[in-house]
Structures are given as structure tokens and as C-alpha cells.
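In what follows, a single structure is set out as C-alpha cells and then discussed.
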Protein chains: 2
Amino acid sequence: MDIQRIKYFLALAEQLHYWKTAEKVSITQSALSRQIQSLENELGLQLFERNKRNVKLTPAGKFLKEKWEIELNELEYIHQFAKQLHLGERGTMTIAHPDSISASLMPDMLAKITQALPQLQIKLVQVLYENQLDFLKNYKIDLAITRDINNEPGIRAKKIYSDHLALVVPLEHSFKVFEDLSAESLKKQKFILPTKDEGSSYSEIIQALFKFYDFAPDVFLHSEFGSTIIALVRKGLGIAILPDSYMHHQSPGLRFIPLPFKTDLWINWRADDHNPVLANILKLVFEE
Amino acid sequence: MDIQRIKYFLALAEQLHYWKTAEKVSITQSALSRQIQSLENELGLQLFERNKRNVKLTPAGKFLKEKWEIELNELEYIHQFAKQLHLGERGTMTIAHPDSISASLMPDMLAKITQALPQLQIKLVQVLYENQLDFLKNYKIDLAITRDINNEPGIRAKKIYSDHLALVVPLEHSFKVFEDLSAESLKKQKFILPTKDEGSSYSEIIQALFKFYDFAPDVFLHSEFGSTIIALVRKGLGIAILPDSYMHHQSPGLRFIPLPFKTDLWINWRADDHNPVLANILKLVFEE
DNA sequence: ATTTATTAATGCATATTTTGCATTAATGGA
DNA sequence: TCCATTAATGCAAAATATGCATTAATAAAT
């Protein structure tokens with residue numbers, strides 16, 4: 001059964017006149033007549049009561065006119081929706097990102113995405129460092145923004161940003177600028193640092209930093225959560241080293257002292273993910 | 001867009017394998033391949049991600065599979081419903097009938113109809129004598145069961161039953177059998193009769209009856225409603241003449257004395273009503 | 001009653017679409 | 001490296017849809 005036929009039928013059911021209808025749907029009266037006949041045949045029922053003079057819907061025809069109009073609209077709506085899925089204008093993206101950029105890079109990025117693709121649904125999640133690539137591979141997330149380089153097969157990644165690391169101290173602390181730092185003064189400090197994780201390039205950078213000053217820090221607490229670390233520093237329990245993206249969080253009572261060490265942000269996705277939504281988002285993220 | 005194409009798509013979306021699917025839907029792999037391609041073309045989107053080895057649904061394809069399955073079921077259901085309308089197995093019939101047969105002929109007739117056409121919806125109404133044919137012509141009712149012969153153009157009618165008239169008296173009344181009646185004894189009675197209506201063949205029969213006994217009855221009340229008449233007779237307010245169909249109503253305290261006069265029941269319908277439901281009902285009513 | 005205008009159906013030739021057969025090209029696994 | 005599997009494609013045949021011209025029926029006008 002051809003949808004076109006149903007459209008012919010609906011047009012005729014509206015006009016109840018073969019010639020006028022034929023013109024309206026841009027075929028000849030002859031073709032229309034035969035289309036209606038073959039539709040009736042196919043359905044095994046009569047749609048119109050007609051003599052050589054008048055055309056009138058049968059009860060079944062009247063019913064079908066009503067119902068098919070609704071169905072065809074439904075089908076059209078479904079088609080349009082599918083088209084948006086195809087163009088990557090609609091769909092769902094689940095993105096994992098580190099807490100550090102939730103007040104800087106993420107809002108910028110999301111603003112850009114929602115403006116370009118307003119129909120898109122985005123889910124933001126935070127995933128523990130060790131789960132990131134696993135979740136990506138198992139379709140639990142579609143994009144992972146990490147501070148770690150990966151060399152997994154099947155995962156592609158690209159650098160999107162570089163942060164400076166910064167020493168975070170309470171406002172009343174004696175460290176004011178970078179020049180106040182020295183091996184001796186640093187040795188006396190208590191540090192609050194991210195969990196030291198084998199293979200995490202982020203924690204390797206922090207290790208490199210201490211190597212630069214050539215001493216082992218007195219770490220009194222480890223946490224993977226930046227907001228926890230910041231709260232502890234503000235209470236004077238110690239000082240911390242964080243990406244300076246955290247400066248964008250509203251954190252009164254703290255001073256960020258930029259350090260000459262950088263940490264990179266990478267965006268990771270499945271190499272075989274051909275979802276057009278992904279392509280659109282990557283294009284947005286990398287353009288300009 | 002051909003529905004058949006959508007069915008091919010759904011089969012392939014299920015199997016994800018051209019050869020197997022082609023066999024299942026009884027066409028060649030070549031034809032299937034091209035049907036899918038032309039469907040994709042027509043929709044302007046990709047349904048499957050495929051290389052020479054694997055077939056996989058795109059997000060849009062997955063969405064369409066889900067939605068189209070539902071729609072096609074819906075369309076099939078609509079088709080079946082329309083077919084029942086066509087066969088006259090489904091639909092609505094509005095039938096007007098006189099009160100007199102609501103405990104005899106109507107229950108029998110309705111039992112027969114609902115057994116043969118269980119999906120049918122029947123509306124029973126009672127319509128004043130003078131409105132019957134008008135309502136029929138104006139599509140307010142589809143069938144009118146009357147005691148009157150009509151000769152309206154555009155209305156067809158057929159006799160379905162003949163009733164005897166009966167004299168209705170209270171149990172304690174002196175009239176017991178037909179032989180008790182005479183012009184003299186009848187003259188003394190008070191009568192409750194149907195509204196005397198010009199052109200109503202029913203009231204003409206009653207007139208004929210009084211002519212037979214050659215006297216004018218003392219009519220103290222007219223009513224078109226049999227149940228009203230019966231209630232009044234039971235209270236001893238007078239005696240009445242009614243079709244003996246009323247014997248089937250549960251009416252204790254009354255005696256029906258059959259009279260040698262008959263009244264016919266006619267069934268009337270629009271000559272140009274081609275509703276298959278009507279044809280079915282007429283067939284049921286007249287068969288046997 | 002007869003004529004005329006209107007209108008749906010139909011015969012036939014043409015154009016378009018679909019199908020099947022055979023073959024090709026790509027790819028994963030042995 | 002070779003083989004088996006599998007989706008795509010060229011081509012001819014079959015099926016289907018379309019347009020033109022004509023026919024048959026009928027309601028309205030005369």
C-alpha cells in the first residue's frame with residue numbers, strides 16, 4: 001500500500017470530485033480513478049459510492065478518511081524527528097567531565113552547543129578517573145573530558161585546552177606571589193592533593209612539580225574532588241595545587257598563585273561512533 | 001512512500017542481514033538492497049550503517065524501527081476496523097419502534113441481531129408518530145418500525161408482523177370473552193384510546209372497529225403511550241384497545257380479549273441508504 | 001421528450017519502477 | 001595469503017502507473 005495512494009484518497013474524500021481532485025494532486029482524472037480503484041481492491045472494501053454523476057464516501061471510507069489523516073500526520077512527524085536525528089540536531093549525548101572545569105570550560109562549551117543544536121539533550125556526569133574510558137567503551141557515556149592522555153585502541157582523543165596549575169592558599173597565608181615559594185618554605189606546608197593514581201598523567205604533573213623543588217610534600221589528605229579540597233583549604237587545614245580553572249568557581253577567602261606547570265584537557269570519544277550528534281559536537285568544540 | 005518498503009526495512013532492522021531478510025520477505029537480496037537504498041533516498045537519511053560485512057542501525061534507523069512498528073500495527077488495526085464497517089459487522093443503527101412491541105418483537109429481533117453481528121452498536125429510540133418518516137429522511141434514525149403504511153418517495157417499507165387488536169379490561173371487569181361484547185354493552189364503557197390522528201392507519205383500524213359495532217365510543221382520554229393507557233385501565237378508569245403484543249408486557253390485573261381486527265407492523269428505511277449494516281439487518285429480519 | 005453538459009470509467013500506448021540473475025568488490029577469518 | 005561471506009550494481013524483463021482519447025451514464029435545461 002502506497003502512502004501516495006492514501007494521499008490521493010484523502011484529497012478525493014475532501015473534494016468528492018475526480019476532476020478537481022486530479023488537478024489538485026497533479027495527475028489526470030484517469031490516473032486518479034485507477035489509483036482509487038486499486039486502493040479499494042487492495043483494501044478489499046469500497047471507499048466511495050459513486051455513479052457517473054456523484055461521489056460520496058461510504059461509512060468505511062468516512063472512517064478511513066478520519067483515521068488516515070491522523071496517521072499520516074503522525075508518520076510525517078516521525079519522519080521529521082528521524083531527520084533531525086540524522087542531522088545530529090536531536091538525540092542524547094552523555095558527557096563526563098572533571099569538576100575543575102564545571103565553572104569555566106563547561107558552561108562556555110554548553111552555551112555554544114545548546115545555541116547551535118537547541119533540540120539536543122545533554123547529560124552531564126562526573127565519573128571517577130579510573131572508570132572514564134571503561135564507561136566510554138561500554139556506551140555509558142559518549143564523550144569524556146579528561147586530564148589524562150589515553151592510548152586505548154578504539155578511543156580517539158584530542159586536546160582542547162591547557163590549564164596552568166595554581167597553588168591555592170587561604171587569603172591570610174604568607175604566600176602572596178610565585179616568588180615567595182622556595183623549597184624551604186614549601187617543606188613547612190601541609191598539602192591537600194588529588195589521589196595519587198598510577199598512570200594518571202595529571203598526578204604525574206604534580207609529582208613533577210615537587211621534583212622541581214626537590215622535596216617530598218607533607219600530604220595530610222587526598223581527595224579526588226576539587227570542591228572538597230577547596231573547602232578544606234579555606235578552613236586553613238592546608239594548601240593545595242589545582243588547575244587554575246577553579247579560579248572561576250566562586251570561592252572567596254582563597255588566593256590562586258599560578259605556577260609554571262601546565263595540565264592539558266583532552267576530549268575522548270569512541271572511534272567507531274558514527275552518531276551524527278557526536279560529529280556535530282566535535283565540530284563545534286574544535287571550530288575557531 | 002510504500003508501506004511495503006517500510007515492512008522490508010523493519011524485517012532488515014530485525015535481522016540485520018540482507019540475505020536472510022530477503023529470503024524471509026520473499027524477494028532477492030538485490031531487490032531488498034535497492035528497496036532500502038531508495039527508502040533512504042526518499043527519507044533523506046541513512047537507516048543503516050553498513051560495510052560489505054556488517055549491517056547496523058543508525059540512531060535515526062533505530063528510532064524509525066521503533067516508531068514504524070507501532071504505526072504499522074495501528075494502520076493494520078484501522079484497516080480491519082474499516083473492513084468490518086464495509087461488511088456491515090460494525091457501525092451504528094438507530095432504530096425507532098413503537099412501545100407496543102418493546103416486550104415482544106423487539107427483544108426477539110435484537111437477540112437475533114446481536115448474535116449475528118456482535119460488534120454492532122444499536123440505539124433504540126421512540127419517536128412520535130408524526131416524526132417517524134421525517135427523522136428517517138433526515139438521518140436521525142436509520143430504521144423505523146411503524147404501524148402505519150407510508151407511501152413517501154425515497155422510503156422503502158416491508159411488513160414484518162401482524163398483531164391482533166385486543167380489548168384491555170381490568171380483571172374484575174364483566175367482559176370475559178369476545179362473545180360478551182355487543183353494541184349495547186360497549187356503549188356503556190368509557191374508553192382510553194390512542195390519539196386520533198389524520199392519516200394514521202392504526203387509528204383508522206380502531207375507527208373501523210367501532211364502525212363494525214356501529215356506535216361512537218365514549219372516549220374520556222387520549223394517549224399515544226401504551227404504558228400510560230395500561231396503567232389507567234388497571235386503575236379502573238376505563239377500558240382500551242391495544243395491539244395484543246402488550247400481553248407480553250408484565251401487566252398483572254389486566255385481561256386481554258382478542259378482537260378479530262388486525263394491525264400490521266412495517267419496517268421502513270431510506271431507499272438510498274447503502275450502509276452495509278442496514279443490508280445485514282434487513283436480511284436478518286426477513287430471513288426465515 | 002429531447003438535447004446538452006458534466007463526469008467517472010476504460011482501452012491503449014508510453015513512461016516509470018521494481019525485480020531477478022549474474023557478477024563485482026569489500027572484508028573478516030582460516 | 002587465500003577463502004568464504006556478503007552488500008552493491010549492470011542489465012534485461014516484468015510489473016505498475018500515467019496520459020490521451022473516448023465511452024457511458026445521468027442530471028439539468030429546453
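Just so it is clear: chains get the letters A, B, ... in the order the sequence lines come, proteins before strands, and each one is counted from 1.
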Under 3.5 Å, is there a donor-acceptor pair between the B/Gln29 and B/Ser33 side chains?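 Absent: no donor and acceptor within the cut-off.
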Establish, from distance only, whether the side-chain atoms of A/Thr146 and A/Asn268 form a donor-acceptor pair under 3.5 Å.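 A donor-acceptor contact under 3.5 Å links the two side chains.
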If you look at every strand shown and take non-hydrogen atoms under 4.0 Å, does A/Asn51 touch a base, only sugar-phosphate, or nothing?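 Touches sugar-phosphate only.
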Nearest of D/dA7, D/dT9, D/dT18 to any side-chain atom of B/Tyr18?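 The answer is D/dA7, which lies nearest to the side chain.
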What nucleotide, of D/dA7, D/dG19, C/dA8, holds the atom closest to the side chain of A/Val55?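 Nearest listed nucleotide: C/dA8.
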Can you measure [X] atom [atom1] to [N] atom [atom2] for me and round it to whole angstrom units?
| X | N | atom1 | atom2 | answer |
| --- | --- | --- | --- | --- |
| B/His17 | C/dG28 | NE2 | C1' | 13 Å |
| B/Asp272 | D/dT26 | CG | P | 15 Å |
| B/Glu23 | D/dT6 | CD | C1' | 14 Å |
| A/Gln15 | C/dT7 | CD | C1' | 14 Å |
| A/Leu32 | C/dT7 | CG | P | 14 Å |
| A/Met1 | D/dT16 | CE | C1' | 17 Å |
| B/Glu49 | D/dA7 | CD | P | 15 Å |
| B/Asp2 | C/dT17 | CG | C1' | 11 Å |

Just by distance, do the side chain of B/Asn131 and the backbone of B/Asp134 share a donor-acceptor pair under 3.5 Å?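 The answer is no, because no donor-acceptor pair under 3.5 Å joins these two groups.
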Tell me if a side-chain donor or acceptor on B/Asp272 pairs with a main-chain N or O of B/Gly154 at a distance below 3.5 Å.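 Between the backbone of B/Gly154 and the side chain of B/Asp272 there is no qualifying donor-acceptor contact (under 3.5 Å).
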Below the 4.0 Å mark, does [N] have OP1 or OP2 next to a side-chain nitrogen or oxygen of [X]?
| X | N | answer |
| --- | --- | --- |
| A/Arg34 | D/dT16 | no |
| B/Arg50 | D/dA8 | yes |
| B/Tyr8 | C/dT19 | yes |
| A/Ser33 | C/dA8 | no |
| A/Gln35 | D/dT18 | yes |
| B/Gln37 | D/dA7 | no |

Side-chain donor/acceptor of B/Gln29 to base of D/dA8, under 3.5 Å: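 Pair found.
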Counting only distance, no hydrogens or angles, is the base of C/dC21 paired donor-acceptor with the side chain of B/Ser30 under 3.5 Å?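 Under the 3.5 Å cut-off, the side chain and the base do form a donor-acceptor pair.
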SB check A/Lys24 A/Glu14 (cutoff 4.0 Å):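 No, no charged N to carboxylate O under 4.0 Å.
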